Amino acid sequence: MKEKVRVRFAPSPTGGLHLGGVRTVLYNYLFAKKNEGSFIVRIEDTDQNRYVEGAEDYIFDCLDWCGLTPDESVRHGGDFGPYRQSERKTNYHQYAEQLVQDGNAYYAFDTAEELEKMRQTPSGDNSVQQYDHRTRMNMRNSLTLSTDEVNQLLAQKTPYVIRIKMPEEEQISFTDLIRGKLFFDSGVLDDKVLLKADGMPTYHLAVVVDDFLMQISHVFRGEEWLPSAPVHILLWKYLFGEENMPAWAHLPLLLGPNGKLSKRDGAKYGFPVYALQWTDPTTGDTTEGFKEKGFLPQGFINFLALLGWNDGSEKEIFTLDELIHSFSLQRVHNSGAHFDYEKAKWYNHEWMKKLDTTILMPAVNEVLKKNGLKITANEKLEKVIDLVKERCTLLPEFYAQASFFFQAPETIDSQAILPKWNEQKKQFFEALVNNLENASDFSAGALTKILNELVATHQLKPGEVMLPLRVMLVGGKFGPGVFDIMEILGKTESIKRIQQGLSIVAKA
RNA sequence: GGCCCGUUCGUCUAAGGGCUAGGACACCACCCUUUCACGGUGGCGAUACGGGUUCGAGUCCCGUACGGGCUACCA
């Protein structure tokens, strides 16, 4: 193991950043920070056919929102750049050549048609035909062609790829930090392409070369990479020495309701799968993210961290700093975890209650503004947020819970009042308006007293008037304590709403 | 098909040979609150199956079943 911890997240900029991707980033980040190491983001854009406009910026926007700042990247600089593989193209060829020289790889000139034909040929044992030690001698490559023929083809600029020459019989093993010691039989593995015809490396070559060049100490990646790990082990052995290899940790997958979590699941079951909204530049399709749905980054991160990891206690709410402090690879699970949107919302609600109102304010302000509310007094907004945040799970709910503080309700639920309305109550409310006008103290405490006294003189019980009062003030049967609402609304507005309520009830 | 990984309440998980298998989400009931939440109390609910090893197995071993991943000149 290297002295300094250096980990990397290596996304391919091809679209929205998925929950699973964010969790991989998170574990990378937590491990790096815990060990006072560096967190690097390397863009894996070796497939030029899959270039997607804006996808790279989008990834960094997601990281920004989550608060997971890289130490080195295209955007953050660093001594190991460039951090975009397309700009490192010249690095890879020499290593591929070295592998050929050493007899661990070879040139292959097969056309797409020839490959297809090989794959269609029945293998006899029901296994799918692949380019491997059983078939490679029937193909057009530098193993079957003479040196002269190969040189001639190369001189003619015939398109070729470089493939790894998988040993026919070798047990490849390595220790995964999460799964322990793993064994693979090289005989069933295929001769993966390392260098493509366009001169770009495939993931397999690029990941090994760049992890070496960038001095990566630990690799955290999804479990879907496990089957190709032996290829990477072999490349390390051939190129840089197994003793210099980073430690591997294959993270369990995040699953949807039916298997591997996909974008489709989100559409089907009505929950987001991307961190931030993603708009496909070719189709124009927009997919809402957790942020747009109204999640707080703190809640989102907290939820993701606990999906596959826990600190061994029953603690569930963690700040980023607490996560860094408590994180350990030993406590990362080894089996896939199903994404549960209800639980995700619960985490968000916990954070809604926990977070300081001043931190919530900008996001809440944005929600209200989007709904056409102009907030001028921040002090008032602060009081309002304090009062209603515990009943909001997602940010947009602030509109329904708080709009009446800034705007009189357009309609009121008079059906909640009418059935039990009578002359006695009417007189009470008229008297209430009068008493409120004379009130010198409009605090919740003083208001409670005013109402209770007045209720007594009208031969009523507080419970009989509270609901009508509430409905007149907020429009319906919801919201925080009535007297808290009146205090914030103030004398003029409170009286105005009661009078309006009274006239609506009179007309009905 | 082949290879690989996995399997504790519906979901996230605790328990690393010795407990009535614990917690959280969701759900239900009650309490608090004359709204809605918050909060509180309780309930429902799991070691996939079969063999071993052991005085003793959710924990170790083997098999079966089931789930998942990979099997591209994609990552």
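Just so you know, these numbers come straight off a predicted model, no measurement behind them.
The same atom, C1', is picked in B:U20 and in B:C5; the two are 35 Å apart, to the nearest Å. B:U34 sits 48 Å from B:A48 when the P atoms are compared, rounded to a whole Å. Taking the P atoms as reference points, B:C60 lies 12 Å from B:A15, given to the whole Å. Taking atom P on both nucleotides, B:C61 is separated from B:U53 by 15 Å, rounded to a whole Å. Rounded to a whole angstrom, the distance from the P atom of B:A24 to that of B:C44 is 15 Å. Nucleotides B:U11 and B:G67, compared at atom C1', are 15 Å apart to the nearest Å. Rounded to whole Å, the P atom of B:G10 lies 23 Å from the corresponding atom of B:G51. Comparing the P positions of B:C9 and B:G2 gives an interatomic distance of 29 Å, to the nearest angstrom.
For A:H333 and B:A14, the shortest distance from a side-chain N or O to OP1 or OP2 is below 4.0 Å. Phosphate proximity of B:U33 to A:R470: absent, as no side-chain N or O sits under 4.0 Å from OP1 or OP2. Note on A:K260: a side-chain N or O is less than 4.0 Å away from OP1 or OP2 of B:C70. The phosphate of B:C38 (OP1 or OP2) has no side-chain N or O of A:K389 nearer than 4.0 angstrom. Contact check, A:N334 against B:U7: a side-chain N or O comes under 4.0 Å of OP1 or OP2. Phosphate proximity of B:C74 to A:N49: absent, as no side-chain N or O sits under 4.0 Å from OP1 or OP2. Dashed line: the shortest gap from a side-chain N or O of A:H338 to OP1 or OP2 of B:U11 is not under 4.0 Å.
No contact: A:R221 has no heavy atom under 4.0 Å from any strand. At a threshold of 4.0 angstrom between heavy atoms, the contacts of A:D110 include nucleobase atoms, whether or not backbone atoms are also involved. Residue-level contact check: A:V161 touches the bases, meaning some heavy atom is under 4.0 Å from a base atom. Among the protein residues, A:L182 comes within range of the sugar-phosphate backbone only, with heavy atoms under 4.0 Å from sugar or phosphate atoms but none that close to a base. A:F339 comes within contact range of no nucleotide atom at all, as no heavy-atom separation falls under 4.0 Å. Nucleic acid contact for A:P480: base, since at least one base atom lies under 4.0 Å from a heavy atom of the residue. Within 4.0 Å (heavy atoms only), A:P159 reaches no atom of the nucleic acid at all. No engagement by A:G476 is indicated, since no non-hydrogen atom pair under 4.0 Å with the nucleic acid exists. Residue contacts shown for A:A337 are limited to sugar-phosphate atoms, with no base heavy atom under 4.0 Å away. Residue-level contact check: A:K461 touches the bases, meaning some heavy atom is under 4.0 Å from a base atom. When heavy atoms are screened at a 4.0 angstrom cut-off, A:H349 is found touching the sugar-phosphate backbone but no base atom.
Rounded to the nearest 0.5 Å, atoms OG (A:S173) and CG (A:L182) are 9.0 Å apart.
Rounded to a whole Å, the CE atom of A:M486 is 17 Å from the P atom of B:U35. Computed from coordinates, the A:K192 NZ to B:C3 C1' distance equals 11 Å when rounded to whole Å. For the pair A:E223 CD and B:U71 P, the interatomic distance rounds to 14 Å; values are reported in whole Å. As rounded to whole Å, 22 Å separates atom P of B:A72 from atom CD of A:Q48. Residue A:D191 contributes atom CG, which lies 12 Å from atom P of B:A72 at whole-angstrom precision. Whole-Å rounding puts the A:R50 CZ to B:A72 P distance at 15 Å. Atom NZ in A:K315 sits about 17 Å away from atom P in B:A14, given to the nearest Å. With rounding to whole Å, A:D198 atom CG is found 10 Å from B:A75 atom P.
The aromatic rings of A:Y27 and A:F327 sit tilted, their planes meeting at an angle between 30° and 60°. Using a 30° and 60° split on the angle between ring planes, A:Y341 and A:F339 fall in the tilted class, from 30° to 60°.
Nucleotide B:C19 has no partner under the Watson-Crick or G-U criteria, as no pair reaches both atom distances under 3.5 Å. Taking a pair to require two hydrogen-bonding distances under 3.5 Å in either a Watson-Crick or a G-U wobble arrangement, B:A26 remains unpaired. The nucleotide B:U59 finds no pairing partner, because no Watson-Crick or G-U wobble arrangement with both distances shorter than 3.5 Å includes it. Across all strands shown, B:C38 has no partner, as no Watson-Crick or G-U wobble contact with both distances under 3.5 Å is found. Nucleotide B:G1 forms a Watson-Crick or G-U wobble pair with B:U71, both donor-acceptor distances falling under 3.5 Å. Base pairing annotation: B:A65 forms a Watson-Crick or G-U wobble pair with B:U7, both donor-acceptor distances under 3.5 Å.
For A:E390, whose side chain is taken as the heavy atoms from C-beta onward, the closest listed nucleotide among B:A37, B:G69, B:C74 is B:A37. Of the candidate nucleotides B:U35, B:C5, B:C73, B:U35 has the atom nearest to the side chain of A:L467. Distances were taken from every side-chain heavy atom of A:K353 (C-beta onward) to each of B:A75, B:C38, B:C5; the shortest belongs to B:C38. Of the candidate nucleotides B:A75, B:C5, B:G68, B:A75 has the atom lying nearest to any side-chain atom of A:T46.
Taking the ring centre of A:Y92 as origin, the terminal cationic atom of A:K89 falls outside the region bounded by 6.0 Å and 45° from the ring axis. Taking the ring centre of A:Y131 as origin, the terminal cationic atom of A:R163 falls inside the region bounded by 6.0 Å and 45° from the ring axis. Within the cation-pi definition used here (under 6.0 Å to the ring centroid, within 45° of the axis), A:K354 qualifies as a partner of A:W351.
Between A:V332 and A:P252 there is a side-chain heavy-atom pair separated by less than 4.5 Å.
The number of heavy-atom neighbours closer than 6.0 Å to NZ of A:K461, taken from other residues, nucleotides and ligands shown, is 12 or below.
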Check the pair A:D413, A:K477 against salt bridge (charged side-chain N to carboxylate O under 4.0 Å, His left out), reporting the backbone distance first and the verdict last.
CA-CA 8 Å; A:D413 181 4; A:K477 296 185 279 187; 5.1 Å; no

Kindly determine whether A:E493 and A:R497 satisfy salt bridge (charged side-chain N to carboxylate O under 4.0 Å, His left out), including the steps that lead there.
CA-CA 6 Å; A:E493 182 65 18; A:R497 290 191 191 182; 2.7 Å; yes

Which letter, B, S or -, goes with each nucleotide of nucleotides 24-32 of chain B from 5' to 3', with contact meaning a protein heavy atom under 4.0 Å?
BS-------

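Comparing A:A112 and A:G463 against RNA chain B, the residue whose closest nucleotide sits nearer the 5' end is A:G463. When the nearest nucleotides of RNA chain B are assigned to A:L115 and A:K477 by heavy-atom distance, the more 5′-ward of the two goes with A:K477.
Salt-bridge check for A:K420 with A:E464: failed, with every basic side-chain N at 4.0 Å or more from each acidic carboxylate O.
In this model, a donor atom of one side chain and an acceptor atom of the other lie less than 3.5 Å apart for A:D210 and A:Q85.
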